[in-house]
Visitor: 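Starting off with a structure, shown below.
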Amino acid sequence: LVIVESPSKCQTIAKILATYVKDNSLAYDFQVSSSMGHIRNLPKSDTSKKKKENQIKPNGKFPYTIAGIDLENGYQPEYVLLPGKGPLVKELQHLAANAELVLLATDPDREGEAIAWHLTQVLDLAPSRYQRVTFTEITPSRILEAVKSPVELNTNLVHAQETRRVLDRLAGYTVSPVLWKKIAPGLSAGRVQSVGMAMVVQRERERLCFETTPYWNIKAVLGKDFSPQGQILRPGSSHKRHLLEGDANELVKVLSDAEFTVIQVKSTTRKQQPPQPFKTSTLQQEANRRLGMAVQQTMRVAQQLYEEGLISYMRTDSTHLSDDAECAIGVSVRGQFGPDRLWVGSSKTKRKPKDSKFAQEAHEAIRPALQPDGIFLEPRYLLQKVALSDQAERLYTMIYQRTLACRMPPIATNQTSVLIAGVQEGTTAHFRVSGSVVIDPGYTLAYCRDAEEENDEAYLPALREGQILNAGEILAVAHETQPPPRYNEASFVKELESLGVGRPSTYSGIVQILRDRAYV
DNA sequence: CAGTGAGCGAGCTTCCGCTTGACTT
């Protein structure tokens with residue numbers, strides 16, 4: 001009996017194992033089943049009987065209790081079956097009893113290890129009756145490898161999970177009742193949500209104490225055929241100069257008859273590396289920015305795509321791609337953009353996946369799923385295969401394009417920066433104007449950049465050093481300093497992840513709690 | 001005697017993280 005967490009994996013794994021049994025690589029017959037995530041948890045609240053017991057403390061201590069945790073006895077947790085899991089557990093018990101050996105194949109992360117341990121308890125498995133096996137990809141070679149080389153159940157991980165669980169309850173169930181009493185019933189506090197809330201509060205405080213300050217700088221419209229709108233620089237510096245209104249107007253007057261000369265033209269090539277494959281947090285951010293989807297909506301649609309066998313697992317903190325996926329990317333990129341557009345890079349230049357230091361990497365990156373022929377389904381054939389909502393189609397297309405782009409060359413742009421001096425009666429003012437032109441679109445052929453990123457581009461006419469420019473209009477332009485922006489769902493999730501707060505399966509839930517309980 | 005209303009007491013809210021599908025709006 002093989003037990004995994006997600007039922008959608010069962011059939012795939014069963015099929016793979018069956019082929020190995022057929023060619024005698026494996027000696028058992030296999031049955032694959034799933035736990036559907038966790039099977040046990042701390043009780044939501046103590047039974048009234050237990051509460052009464054706890055009210056009278058023989059040792060005279062203040063009767064303080066936390067549901068499901070024995071405070072007097074080394075914080076021993078009490079576990080109960082999750083509501084509704086009874087029939088499933090019974091079925092697993094039955095299967096386990098009739099199986100020669102139980103392979104615990106839950107996810108190779110902290111929660112997965114704990115689920116495996118809970119299974120040993122609930123299914124009453126002696127150490128000789130079970131083995132722990134792990135794999136991060138559901139491919140024939142990896143599955144065979146895993147089954148042939150079982151590992152020890154990692155009790156350190158199991159303890160870590162239990163500690164996490166107990167601490168979360170201790171904190172949440174201690175602070176929340178204070179809020180009911182002091183503020184309003186039904187409020188909540190916890191290790192994750194309160195940190196998220198604090199982020200929002202802190203940002204709002206920064207905004208409140210921010211003093212908007214007006215400033216001016218000077219724009220010079222020069223030349224006949226073009227109008228480079230340069231920014232005036234601080235004397236002897238390459239930084240933009242911020243002026244007071246009076247000084248700005250004064251300078252406009254002085255410069256109105258100035259002679260403008262190009263004193264430096266600097267051109268550099270800039271390369272921008274392709275992005276990393278999607279993981280949950282970045283998918284949520286991009287779907288929010290590009291498709292205008294709420295975090296929760298993104299996850300719902302991604303779940304549909306996953307169930308249709310169109311994308312890999314959508315709750316992941318890894319940007320790793322399997323070898324099979326790399327091959328499929330090669331086929332797609334070569335087919336659509338030509339063989340020279342596949343960018344393997346040398347071992348030095350290749351961008352290594354740089355995952356968050358909090359990542360547990362139980363799964364792959366979020367990418368298109370491999371079809372039976374070993375390649376990705378092109379977005380244009382998507383609707384022929386399966387009926388999908390507009391949103392699902394757009395999300396799949398975004399994932400497909402991003403996955404290809406990750407293995408394509410960097411985008412190269414030519415950045416030109418021109419320094420112009422305006423001289424009048426001994427006063428010299430330096431202006432700078434910059435432009436950028438794409439010389440090699442690189443990965444943007446597959447995955448276009450944000451409108452925001454493209455805004456940086458500006459056409460610049462050919463200019464040479466020493467060239468005299470015709471003075472046109474000189475303007476003082478008023479600006480205001482801006483407070484830091486409020487979070488949106490995307491930037492909020494990004495910040496949570498970078499702080500290591502929450503997990504891929506909970507990002508959307510955190511947003512939901514803050515909204516539903518009207519904390520924000 | 002039926003209906004009304006005051007007063008009282010009991011029970012509930014809450015954490016985080018892993019999974020679906022069975023529910024209702």
Side-chain angles (χ1 to χ4, degrees), chain A residues 3-11 33-52 55 65-69 75 77 79 81-85 87-89 91-92 104-119 157-158 160-197 280 299-300 302-304 306-307 313-317 358 360 362-363 496 500-514 516-517 519:
Chain A
I3 304 179
V4 294
E5 280 179 51
S6 163
S8 51
K9 289 179 184 171
C10 288
Q11 221 187 349
S33 201
S34 85
S35 73
M36 304 248 210
H38 275 295
I39 51 167
R40 293 200 303 184
N41 194 5
L42 303 175
K44 205 162 159 354
S45 55
D46 278 334
T47 57
S48 36
K49 186 185 155 204
K50 191 153 189 193
K51 268 191 192 157
K52 272 196 187 128
Q55 275 183 2
T65 63
I66 295 288
I69 299 172
Y75 302 97
Y79 291 112
L81 280 191
L82 280 166
K85 285 269 165 115
L88 173 75
V89 167
E91 169 77 5
L92 287 175
L104 302 172
T106 48
D107 295 345
D109 56 21
R110 198 188 320 158
E111 298 295 323
E113 206 72 13
I115 294 172
W117 176 78
H118 279 291
L119 284 167
L157 272 182
V158 176
Q161 192 276 344
E162 189 164 76
T163 307
R164 197 247 348 122
R165 182 67 194 87
V166 168
L167 279 176
D168 281 338
R169 169 145 299 185
L170 285 176
Y173 273 38
T174 307
V175 181
S176 297
V178 177
L179 299 180
W180 305 340
K181 207 174 153 192
K182 298 286 181 191
I183 302 173
L187 296 184
S188 58
R191 171 178 57 86
V192 166
Q193 59 175 279
S194 296
V195 172
M197 193 61 223
T280 305
M299 292 314 283
R300 203 169 34 228
Q303 175 87 30
Q304 287 167 13
Y306 171 67
E307 284 169 6
Y313 197 58
M314 63 280 148
R315 289 185 280 266
T316 177
D317 54 18
F358 305 107
Q360 300 187 28
H363 305 277
L496 282 177
V501 175
R503 299 280 308 137
S505 67
T506 61
Y507 294 139
S508 74
I510 299 163
V511 172
Q512 216 51 43
I513 283 181
L514 299 193
D516 288 350
R517 300 193 185 144
Y519 297 167

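Within every chain, numbering begins at 1; the chains are lettered A, B, ... in the order of the sequence lines, protein sequences first and strands thereafter.
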Visitor: OG/A/Ser508 to CD1/A/Ile513 distance, rounded to the nearest 0.5 angstrom?
Guide: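 So the OG of A/Ser508 and the CD1 of A/Ile513 are separated by 10.0 Å.
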
Visitor: Check every strand shown and say whether A/Gly37 touches a base, only sugar-phosphate, or nothing at a heavy-atom separation below 4.0 Å.
Guide: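 The answer is base, as A/Gly37 lies within the cut-off (heavy atoms under 4.0 Å) of a base atom.
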
Visitor: State whether the side chain of A/Lys44 and the backbone N or O of A/Ala67 hold a donor-acceptor pair below 3.5 Å, judged by distance alone.
Guide: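 No, because the side chain of A/Lys44 does not come within donor-acceptor range (under 3.5 Å) of the backbone of A/Ala67.
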
Visitor: Select base, sugar-phosphate, or nothing to describe what A/Leu179 touches, counting heavy atoms under 4.0 Å on all strands.
Guide: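 Answer is nothing: A/Leu179 stays at 4.0 Å or more from every strand.
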
Visitor: Using atom CD1 of A/Ile3 as one end and atom C1' of B/dT19 as the other, report the distance to the nearest whole Å.
Guide: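 Taking CD1 of A/Ile3 and C1' of B/dT19, I get 14 Å after rounding.
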
Visitor: Counting the atoms with a prime plus P, OP1 and OP2 as sugar-phosphate, which does A/Pro7 contact under 4.0 Å by heavy atoms, base, sugar-phosphate, or nothing?
Guide: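 Sugar-phosphate only.
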
Visitor: Can you tell me which nucleotide in B/dC16, B/dT19, B/dC15 comes closest to the side chain of A/Val192?
Guide: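 Nearest to the side chain of A/Val192 among the choices is B/dC16.
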
Visitor: Side chains of A/Ser8 and A/Tyr313 only: does a donor on one sit below 3.5 Å from an acceptor on the other?
Guide: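 The criterion, which ignores hydrogens and geometry beyond distance, is not satisfied for A/Tyr313 and A/Ser8.
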
Visitor: Establish, from distance only, whether the side-chain atoms of A/Tyr75 and A/Glu162 form a donor-acceptor pair under 3.5 Å.
Guide: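 On atom types as modelled, these side chains do not qualify, holding no pair under 3.5 Å.
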
Visitor: Working to the nearest 0.5 angstrom, can you tell me the gap between A/Gln360 CD and A/Leu157 CG?
Guide: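 Output value for this atom pair is 7.5 Å.
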
Visitor: Does the ring of A/Trp180 lie flat against the base of B/dT14, closer than 5.5 Å centre to centre with planes under 30°?
Guide: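 It does not: the two rings, one from A/Trp180 and one from B/dT14, miss the stacking criterion.
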
Visitor: Which whole-number value in Å describes the distance from A/Asp109 CG to B/dC18 C1'?
Guide: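 Rounded to the whole Å, the gap is 8 Å.
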
Visitor: Phosphate oxygens OP1/OP2 of B/dG17: is one of them under 4.0 Å from a side-chain N or O of A/Arg164?
Guide: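 It does not, given that no N or O in the side chain of A/Arg164 lies less than 4.0 Å from OP1 or OP2 of B/dG17.
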
Visitor: Tell me, please, which residues at least two apart from A/Arg110 pass side chain to side chain donor-acceptor pair (under 3.5 Å).
Guide: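 A/Arg110 satisfies side chain to side chain donor-acceptor pair (under 3.5 Å) with no residue once adjacent residues are dropped.
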
Visitor: Tell me the interatomic distance from A/Gln303, atom CD, to B/dG21, atom P, rounded to whole angstroms.
Guide: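 Interatomic distance, CD of A/Gln303 to P of B/dG21: 8 Å.
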
Visitor: Just how far, in rounded Å, is C1' of B/dT20 from CD of A/Gln11?
Guide: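 It works out to 16 Å between those atoms.
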
Visitor: Of all the choices, B/dT14, B/dG21, B/dC18, which nucleotide is nearest to the side chain of A/Tyr173 once you look at every atom?
Guide: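 Of all the options, the side chain of A/Tyr173 is nearest to B/dT14.
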
Visitor: Answer with base, sugar-phosphate or nothing: what part of the nucleic acid does A/Gln193 contact at a heavy-atom distance below 4.0 Å?
Guide: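 Sugar-phosphate, backbone atoms only, no base.
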
Visitor: Scan A/Tyr313 against the nucleic acid and name what it touches under 4.0 Å (heavy atoms): base, sugar-phosphate only, or nothing.
Guide: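 The residue A/Tyr313 makes sugar-phosphate contact but no base contact.
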
Visitor: B/dC15 phosphate, OP1 or OP2: any side-chain N/O from A/Ser176 under 4.0 angstrom?
Guide: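 Looking at the OP1 and OP2 atoms of B/dC15, neither is under 4.0 Å from any side-chain N or O of A/Ser176.
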
Visitor: Which nucleotide in the set B/dT14, B/dC16, B/dT19 lies at the smallest distance from any side-chain heavy atom of A/Asp168?
Guide: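 Selected nucleotide: B/dC16.
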
Visitor: At 4.0 Å (heavy atoms only), tell me whether A/Thr506 reaches a base, stays on the sugar-phosphate, or touches nothing.
Guide: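 Base contact - A/Thr506 has a heavy atom under 4.0 Å of at least one base atom.
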
Visitor: Determine the contact category for A/Ser8: base if any of its heavy atoms lies under 4.0 Å from a base atom, sugar-phosphate if only primed atoms, P, OP1 or OP2 are that close, otherwise nothing.
Guide: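 The residue A/Ser8 makes sugar-phosphate contact but no base contact.
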
Visitor: Which is true for A/Arg517 with a 4.0 Å heavy-atom rule: it touches a base, it touches only sugar-phosphate, or it touches nothing?
Guide: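 Sugar-phosphate, no base atom in range.
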
Visitor: From C-beta outward on A/Glu111, which listed nucleotide comes closest to its side chain: B/dC18, B/dT14, B/dC16?
Guide: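 So the nucleotide nearest the side chain must be B/dC18.
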
Visitor: How many whole angstroms separate atom CZ of A/Arg165 from atom C1' of B/dC15?
Guide: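 To the nearest whole Å, that distance equals 6 Å.
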
Visitor: Whole-Å distance between B/dT14 P and A/Arg169 CZ?
Guide: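 About 12 Å, once rounded to whole Å.
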
Visitor: Do A/Tyr507 and A/Thr280 pair up side chain to side chain, a donor and an acceptor below 3.5 Å, judged on atom types alone?
Guide: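 Checked: A/Tyr507/A/Thr280 side chains show no N/O donor-acceptor pair below 3.5 Å.
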
Visitor: Need one value for A/Gly112: base, sugar-phosphate or nothing, where a base atom within 4.0 Å counts as base even if backbone is also close, heavy atoms only.
Guide: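 Answer is nothing: A/Gly112 stays at 4.0 Å or more from every strand.
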
Visitor: Return the 5'-most residue of the pair A/Pro177, A/Ile115 with respect to DNA chain B, ranking by each residue's nearest nucleotide.
Guide: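 So the residue in question is A/Pro177.
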
Visitor: Please tell me which of the listed nucleotides, B/dT19, B/dT14, B/dG17, lies nearest to the side chain of A/Arg503?
Guide: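 When the side chain of A/Arg503 is considered, B/dG17 is the closest of B/dT19, B/dT14, B/dG17.
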
Visitor: Counting only side-chain nitrogens and oxygens, does A/Arg315 get under 4.0 Å of the OP1 or OP2 atom of B/dT20?
Guide: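 The answer is yes; a side-chain N or O of A/Arg315 sits under 4.0 Å from OP1 or OP2.
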
Visitor: Heavy atoms under 4.0 Å, any strand shown: does A/Ala189 hit a base, just sugar-phosphate, or nothing?
Guide: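 Sugar-phosphate: the residue A/Ala189, judged by heavy atoms under 4.0 Å, touches backbone atoms but no base.
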
Visitor: Quick check for you: among B/dG17, B/dC15, B/dT14, whose closest atom lies nearest to any side-chain atom of A/Arg191?
Guide: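 Of the candidates, B/dG17 comes closest.
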
Visitor: Where the side chain of A/Ser505 is concerned, which of B/dC18, B/dC16, B/dT20 is the nearest nucleotide?
Guide: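 In terms of side-chain proximity for A/Ser505, the closest of B/dC18, B/dC16, B/dT20 is B/dC18.
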
Visitor: Starting at atom CG of A/Asp317, determine the distance to atom C1' of B/dG17, rounded to an integer number of angstrom.
Guide: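 Whole-Å distance recorded here is 13 Å.
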
Visitor: If you only use heavy atoms from C-beta on, which nucleotide in B/dT20, B/dC15, B/dC18 is closest to the side chain of A/Ser6?
Guide: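 Among the listed nucleotides, the one closest to the side chain of A/Ser6 is B/dT20.
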
Visitor: Using atom CG of A/Asn41 as one end and atom P of B/dG17 as the other, report the distance to the nearest whole Å.
Guide: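 Spelled out: CG on A/Asn41 to P on B/dG17 is 12 Å.
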
